[in-house]
There are 2 protein chains.
Amino acid sequence: MLRKRISVRTIGRLSAYRRVLFRSLTTGPANVYSYQIAALSGATPAQVRRDLMSVGYSGSPNRGYQVAELAASIGEFLDDPDGQNVALVGVGNLGRAILAYFAGRRPRLAIVAAFDAAPEKVNRTIHGCRCYPIAQIPTIAARENIRVAVIATPAEAAQSVADTLIAAGVRGILNFAPVSLKVPPWVYTEDLDMTMALEKVAYFARHEKQQERDTQS
Amino acid sequence: MLRKRISVRTIGRLSAYRRVLFRSLTTGPANVYSYQIAALSGATPAQVRRDLMSVGYSGSPNRGYQVAELAASIGEFLDDPDGQNVALVGVGNLGRAILAYFAGRRPRLAIVAAFDAAPEKVNRTIHGCRCYPIAQIPTIAARENIRVAVIATPAEAAQSVADTLIAAGVRGILNFAPVSLKVPPWVYTEDLDMTMALEKVAYFARHEKQQERDTQS
DNA sequence: GTAACGCTGTGATTTCCTTCACGAATCTCA
DNA sequence: TGAGATTCGTGAAGGAAATCACAGCGTTAC
Ligand SMILES: NC(=O)c1ccc[n+]([C@@H]2O[C@H](COP(=O)([O-])OP(=O)(O)OC[C@H]3O[C@@H](n4cnc5c(N)ncnc54)[C@H](O)[C@@H]3O)[C@@H](O)[C@H]2O)c1
Ligand SMILES: NC(=O)c1ccc[n+]([C@@H]2O[C@H](COP(=O)([O-])OP(=O)(O)OC[C@H]3O[C@@H](n4cnc5c(N)ncnc54)[C@H](O)[C@@H]3O)[C@@H](O)[C@H]2O)c1
């Protein structure tokens, strides 16, 4: 398994490709071409083909890719065969929206536990997910084998929450708080900063001519 | 004003720098060094200095940058002096969280109108923001001079909403729907795709050694 | 004074990612 | 069967962004 370091951008695009493939499964024919995937996902045909090199599924010339098989191959490449449980910390406005959205949507990548510091939020079930006090992060994380977490707490709390999560075995964090988390090198963090994103949009809305295709990195 | 195309990433980081500067305003001394900004925002010192070249504010050797002045300069560079009004389309779980968060937070970049297709959501005021039927996008956008919009509708509706917004004069879109929008070249779009982000995190949580510093682009 | 230090601004370099371009493969149709 | 059309896989080229590295300068110490 000597695969040479896949780039972060490639992984993101593979996720996007898979989504358009699933959409095509119901609507379209059984095969697709790279230029079709590209059009639907905002990439270029060459980029699609190059990204797909990593997953090890080959299309056939003049026939393209089998939609169902390609989607399955990407899934095999991206997903853990046993599934990965996810924890959410911070059950505020955003946290609840996230719980509502992911509830029941992806069995292989489900949010199985929520945590919050506020007494009135804990020990309830929200959108099908149990909410625990943060003191229970270590025990629940161990019990549910949680390696992936989402942080949706206020900025001030984010770093200490991250430290707790990492101590409990978490190795990947999706961070919505507007701070840069300090984490050890074996932990991957991805920041989704809405304010920064909105400021970028506002800036380029005023500074014309910028025809980037930029699907989010 | 012959400035040579600032990159998308640079704009994003400038937004991050400004935020840490505002935070430092209250807590720290009056000056900062590039390496301090870097540490707080997850960048490198060289990157900070290079990014700051675009804004045209010079620090002084051995004294670094004046926090207040630098923050003001970045603001001058990023923000519209007259402010920019923002519209939100799709007042669901996520849309409401966004309204709650941005309400009253940034007077220069305020969400001044919300739109939704569901009859029970329109003509109400949610977190201080009036919600209109989508048919009123053209009139309200013209009245409020809206050039920036946020899309938080289901994926199926996103493209037609985008078309309507663009026809109404919108030039920058922050898109939360998991689709790639087709827009004319003078419209800037930024996709914030939570599912894709979570899948990236899940992937790299399983694939060791990846010590990326990746503040979101 | 003036020497030593430490940080900024920026040309040069490196690294990473995207795009190009073309041989090989598969299909169609006569 | 074979010519023509079309797409894939991928080495090579190109471009963009991060990093290096250092000259220049303000500051401090004495
Ligand atoms: N649209 C949005 O909601 C939005 C937009 C931009 C940024 N953000 C960021 O996302 C994060 C969450 O936003 P929100 O709107 O949901 O905020 P919120 O105030 O509604 O929710 C925060 C939640 O975190 C909990 N919390 C506080 N301290 C905690 C701790 N130490 N441990 C665990 N939980 C704790 C609170 O009890 C609350 O339930 C914030 O960092 C915010 O800056 C949100
Ligand atoms: N955590 C999250 O909430 C989350 C996570 C990942 C992705 N998303 C994406 O964000 C978007 C919104 O998510 P949500 O959870 O708020 O969904 P939601 O179903 O709660 O809200 C969608 C809203 O859009 C409105 N709407 C539907 N069609 C419309 C139209 N044609 N014009 C205007 N409004 C219309 C609906 O009335 C509803 O209010 C979706 O595309 C979703 O895929 C959300």
(request) Looking at every strand, decide which applies to A:Ser58 at a 4.0 Å heavy-atom threshold: base, sugar-phosphate, or nothing. (result)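 Here A:Ser58 touches the backbone only, sparing every base.
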
(request) Scan B:Ser34 against the nucleic acid and name what it touches under 4.0 Å (heavy atoms): base, sugar-phosphate only, or nothing. (result)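 B:Ser34: backbone/sugar contact only, no base atoms under 4.0 Å.
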
Please state how far atom [atom1] in [X] lies from atom [atom2] in [N], giving the value in whole angstrom units.
X	N	atom1	atom2	value
B:Arg13	D:dA16	CZ	C1'	12 Å
B:Asn31	D:dT28	CG	P	11 Å
A:Arg63	C:dA24	CZ	C1'	18 Å
A:Ile37	D:dG9	CD1	P	10 Å
B:Leu52	C:dC7	CG	P	16 Å
A:Arg9	D:dA16	CZ	P	13 Å
B:Tyr65	D:dG26	OH	C1'	14 Å

(message) Pick the closest DNA chain D nucleotide for B:Ser60 and for B:Thr44 by heavy atoms, then say which residue is nearer the 5' end.
(response)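 Per heavy-atom nearest nucleotide, the more 5' residue is B:Thr44.
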
(request) Check whether any side-chain heavy atom of B:Ile137 sits under 4.5 Å from a side-chain heavy atom of B:Ile134, and report yes or no. (result)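 SC-SC contact between B:Ile137 and B:Ile134 confirmed.
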
(message) Measuring only between side-chain heavy atoms, which start at C-beta, is A:Gln66 closer than 4.5 Å to A:Tyr57?
(response)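 Yes, close enough: below the 4.5 Å cut-off.
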
(request) Flag the pair A:Tyr203 / B:Phe77 as yes when their ring centroid distance falls below 6.0 Å, and as no otherwise. (result)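 Yes, the ring of A:Tyr203 comes within the 6.0 Å limit of the ring of B:Phe77, centre to centre.
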
(request) Could you check B:Met53 against B:Tyr35 and say which one's nearest nucleotide on DNA chain C is further toward the 5' end? (result)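 Of the two residues, B:Tyr35 wins.
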
(request) Starting from the 5' end of DNA chain C, give me the residue, B:Tyr57 or A:Arg49, whose nearest nucleotide shows up first. (result)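 Whichever sits nearer the 5' end wins; that is B:Tyr57.
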
Can you figure out which of [options] approaches the side chain of [X] most closely?
X	options	value
B:Ser7	D:dG24, D:dA17, D:dA5	D:dA17
B:Asn62	D:dG26, D:dT6, D:dA18	D:dG26
A:Tyr33	D:dT7, C:dC20, C:dT18	D:dT7

(message) Could you check whether the side chain of B:Arg50 and the base of D:dT19 have a donor-acceptor pair of N or O atoms closer than 3.5 Å, going by distance alone?
(response)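 Pair found.
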
(request) Please confirm whether A:Arg206 makes a cation-pi placement over A:Phe204, using NZ or CZ under 6.0 Å from the six-membered ring centre and within 45° of the ring normal. (result)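 Not flagged: A:Arg206 not positioned over aromatic ring of A:Phe204.
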
(message) Under the criterion salt bridge (charged side-chain N to carboxylate O under 4.0 Å, His left out), I'd like the reasoning laid out for A:Asp51 against A:Arg13: C-alpha separation, chi angles, the key distance, then a yes or no.
(response) CA-CA 8 Å; A:Asp51 289 337; A:Arg13 284 191 299 264; 2.6 Å; yes

